[in-house]
Amino acid sequence: MSARRPLIAGNWKMHKTVAEAEAFIQRLLPLVYASDAADVVICPPFTALAAMVDSARGSRVQVYAQNMHHAPAGAFTGEISAAMLTEIDVDGVILGHSERRELCGETDRAVALKLAAALDAGLEPILCVGETEAEREQGETERKLRHQVQEGLSKIGAERLPEVAIAYEPIWAIGTGKVAEPEQAQDAAAFIRALVAGRSPEQAQRLRILYGGSVTPENATDLLALPDIDGALVGGASLDADAFAAIVGVAS
Ligand code: PGA
């Protein structure tokens, strides 16, 4: 791992009621109390955000949302704005997760607007990118990543690039137990960093790139040792406080 500070984020997806989230955070806090060498983030569903912000206050754990709308307000039933997140002291937001792209029809353009709105509001975004299994088999991985990274970052100035974390999440590795080979993860992360360097070589060295897709305490050591991987976006294993803390332990 490089001089960039590692970031371990747990994406809970549509899991945990407020009561379950409380039980999780009470278990997690003492486990990560001493891990001061990595940033630790949990991404609960909207309904548990405020409770998690309160419970994590003064600790090492930051709280991110899993999505937001780009507009400041308006007739967008079911959506949440950046100001609604910052009002309750949420620190950041996951944007463009493949499940939102595939299941909710989120486009690169929408993700780009969200990313700019998040930064303007003072939220730290995690931009998710990644190819499907078919795209990888057809040699389309780089084309897909180029499109998602360049479009996703298209509405922000180069000076803001280091405020963004990019999560490389091959879709075939998400929730499947089929983790990317270290070489695949490193190649993709290096390619993403080179794309960012096309905007600014200096800022590309500061921007953090995470790997996501079936990360566990067991495979985290190999993944986090890769030169261009600066952390992990963890789904399934982040639902268990002990497993998540073990991954944080590897990073720190
Ligand atoms: P997973 O999910 O760790 O369960 O594969 C990762 C993600 O979707 O961010």
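Indexing begins at 1, ligand by ligand and atom by atom, following the structure's order. Quick note: residue numbers are just sequence positions, from 1.
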Just let me know how Ile174 lines up against ligand 1, side chain, backbone, both or neither, with a heavy-atom cut-off below 4.0 Å. both

For Gly212, is the nearest heavy atom under 4.0 Å from an atom of ligand 1? no

Please identify which atoms of ligand 1 are closer than 4.0 Å to at least one heavy atom of Ala173. 5 (O)

Quick check for you: to the nearest 0.5 Å, what is the distance between Glu20 atom CD and Leu239 atom CG? 10.0 Å

Out of all atoms in ligand 1, which are within 4.0 Å of some heavy atom of Lys13? Include the element for each. 2 (O), 7 (C), 8 (O)

Which label fits Phe244 and Phe24: parallel for a plane angle under 30°, tilted from 30 to 60°, or perpendicular past 60°? tilted

For Thr176 and ligand 1, does the shortest N/O to N/O distance drop below 3.5 Å? no

Would you mind finding which of His97, Glu99, Gln66, Glu169 brings a heavy atom closest to atom 8 (O) of ligand 1? His97

Report the part of Cys128 in contact with ligand 1, treating N, CA, C, O as backbone and CB onward as side chain, heavy atoms under 4.0 Å; options are side chain, backbone, both, neither. neither

Polar contact flag for Gly236 and ligand 1 (N/O pairs, less than 3.5 Å): yes

Between the side chain of Arg146 and the main-chain N/O of Leu195, is any donor-acceptor distance below 3.5 Å? no

Using the test ring pair (Phe, Tyr, Trp, His ring centres under 6.0 Å), find all partners of Tyr64 that sit at least two apart in sequence or belong to another chain. none

Looking at CZ of Arg60 and OG of Ser252, how far apart are the two atoms once the value is rounded to the nearest 0.5 Å? 8.0 Å

Would you mind running through ligand 1 and noting each atom that sits below 4.0 Å from a heavy atom of Asn11? 9 (O)

Examine distances only and state if a side-chain atom of Ser55 and a backbone atom of Met52 form a donor-acceptor pair shorter than 3.5 Å. no

For ligand 1, is there an N or O atom under 3.5 Å from any N or O atom of Gly235? yes

Could you tell me which atoms of ligand 1, counted from 1 in the order shown, lie closer than 4.0 angstrom to a heavy atom of Gly175? 1 (P), 4 (O), 5 (O)

Considering both backbone and side-chain atoms of Gly213, is one of its nitrogen or oxygen atoms within less than 3.5 Å of a nitrogen or oxygen in ligand 1? no

Test log, rule side-chain contact (heavy atoms from CB on, under 4.5 Å), inputs Arg4 and Ile209: CA-CA 9 Å; Arg4 294 175 290 270; Ile209 299 176; over 6 Å; no

Interatomic spacing from CD1 in Ile42 to CG in Asp91 - rounded to 0.5 Å: 10.0 Å

Side chains of Val196 and Leu161 in contact at under 4.5 Å (non-hydrogen atoms): yes

Numbering as shown, the atoms of ligand 1 that approach Ser214 to under 4.0 Å (heavy-atom distance): 1 (P), 3 (O), 5 (O)

